[in-house]
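All remarks here apply to the structure that follows.
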Amino acid sequence: MENLDNENKYIKAKERVERIKKFYGHLLSYLIFIGFLAGLNYYTDGWRYPWFLWAAFGWGIGLFFHALKALDWNPFMGKDWEERKIKEYMDRDNKEYKKTQHWE
């Protein structure tokens with residue numbers, strides 16, 4: 001049983017590391033591409049109209065939500081909330097199962 005718990009913890013940790021790794025890849029892509037667009041913007045009109053900021057803002061919103069998910073940060077429904085809800089539903093299912101077994 002302990003091996004199973006350790007294996008589950010390992011799998012969860014590995015999945016979390018993969019999510020963080022993907023986020024860092026996404027962040028690097030963002031920095032390179034937005035840097036390229038900023039350079040192109042400067043080359044074409046010398047900052048008279050910084051249009052690259054529209055792309056930076058739009059992609060930045062997606063990057064922000066990706067960071068929230070990758071870093072497991074959710075102030076409203078975090079891991080504690082998730083674990084409590086899972087336990088609550090499991091307890092409810094067990095009670096319903098016991099009720100059905102009583103009548104048979």
Side-chain angles (χ1 to χ4, degrees):
M1 189 65 150
E2 188 175 317
N3 285 341
L4 186 60
D5 286 341
N6 286 338
E7 187 174 335
N8 286 338
K9 288 177 185 178
Y10 174 79
I11 290 170
K12 283 183 176 183
K14 187 173 181 178
E15 288 172 353
R16 185 168 186 209
V17 168
E18 285 297 318
R19 284 195 316 264
I20 292 170
K21 201 163 87 171
K22 287 179 184 179
F23 166 70
Y24 284 139
H26 191 180
L27 178 63
L28 183 63
S29 299
Y30 173 83
L31 293 173
I32 290 170
F33 194 74
I34 296 302
F36 170 76
L37 288 180
L40 183 64
N41 188 184
Y42 179 74
Y43 178 75
T44 58
D45 69 1
W47 303 126
R48 283 187 292 275
Y49 178 69
W51 51 261
F52 79 96
L53 292 176
W54 291 106
F57 179 70
W59 194 350
I61 291 171
L63 188 64
F64 174 74
F65 285 109
H66 191 170
L68 292 180
K69 185 173 181 177
L71 302 174
D72 285 334
W73 188 79
N74 187 339
F76 305 109
M77 291 182 253
K79 278 293 182 192
D80 294 335
W81 175 85
E82 187 176 316
E83 293 298 326
R84 282 194 317 270
K85 285 309 242 185
I86 289 171
K87 185 174 180 345
E88 176 186 324
Y89 288 135
M90 288 175 64
D91 290 344
R92 187 183 321 164
D93 289 345
N94 283 337
K95 287 177 185 175
E96 289 176 11
Y97 177 76
K98 287 178 182 177
K99 284 181 185 178
T100 60
Q101 294 301 315
H102 179 66
W103 293 106
E104 291 180 5

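Interatomic distance, Ile20 CD1 to Leu27 CG, rounded to the nearest 0.5 Å: 13.0 Å. From Tyr89, atom OH reaches atom CG of Asn94 across 15.0 Å, with rounding to the nearest 0.5 Å. Of the inter-residue distances, the one linking Trp51 atom CH2 with Asp45 atom CG reads 8.0 Å to the nearest 0.5 angstrom.
Leu71 and Val17 end up in different hydrophobic clusters when Ile, Leu, Val, Met, Phe, Trp and Tyr side chains are linked at under 4.5 Å. Both Leu53 and Leu31 sit in one connected hydrophobic cluster of ILVMFWY residues. Membership requires side-chain heavy atoms under 4.5 Å apart, directly or through other members. When the side chains of ILVMFWY residues are joined at heavy-atom separations under 4.5 Å, either directly or via intervening members, Tyr49 and Phe57 end up in two distinct hydrophobic clusters.
Shortest non-hydrogen contact noted between Arg19 and Asp72 is NH2-OD1, 3.0 Å. When all heavy atoms of Ala55 and Leu37 are compared, the closest pair comes out as CB-CD1, 3.7 Å. Across all their heavy atoms, Asn41 and Pro50 have their closest contact at OD1-CA, 3.0 Å.
Exactly one of Trp54, Phe64, Phe65, Tyr30 qualifies for a ring pair (Phe, Tyr, Trp, His ring centres under 6.0 Å) with Trp59. That residue is Tyr30.
By the 4.0 Å N-to-carboxylate-O rule, Glu18 lies close enough to Lys21 to be salt-bridged with it. Salt bridge status for Asp91 with Lys87: present, with a side-chain N to carboxylate O gap under 4.0 Å.
The six-membered or imidazole ring of Trp47 lies near that of Phe52, with a centre-to-centre distance under 6.0 Å.
Contact of the Tyr10 side chain with the Asn6 side chain is not registered, since no non-hydrogen atoms from C-beta on lie closer than 4.5 Å. The shortest side-chain heavy-atom distance between Arg84 and Glu88 does not fall under the 4.5 Å cut-off.
In this pair, His66 and His26 present their aromatic rings tilted. The plane angle is within the 30 to 60° band.
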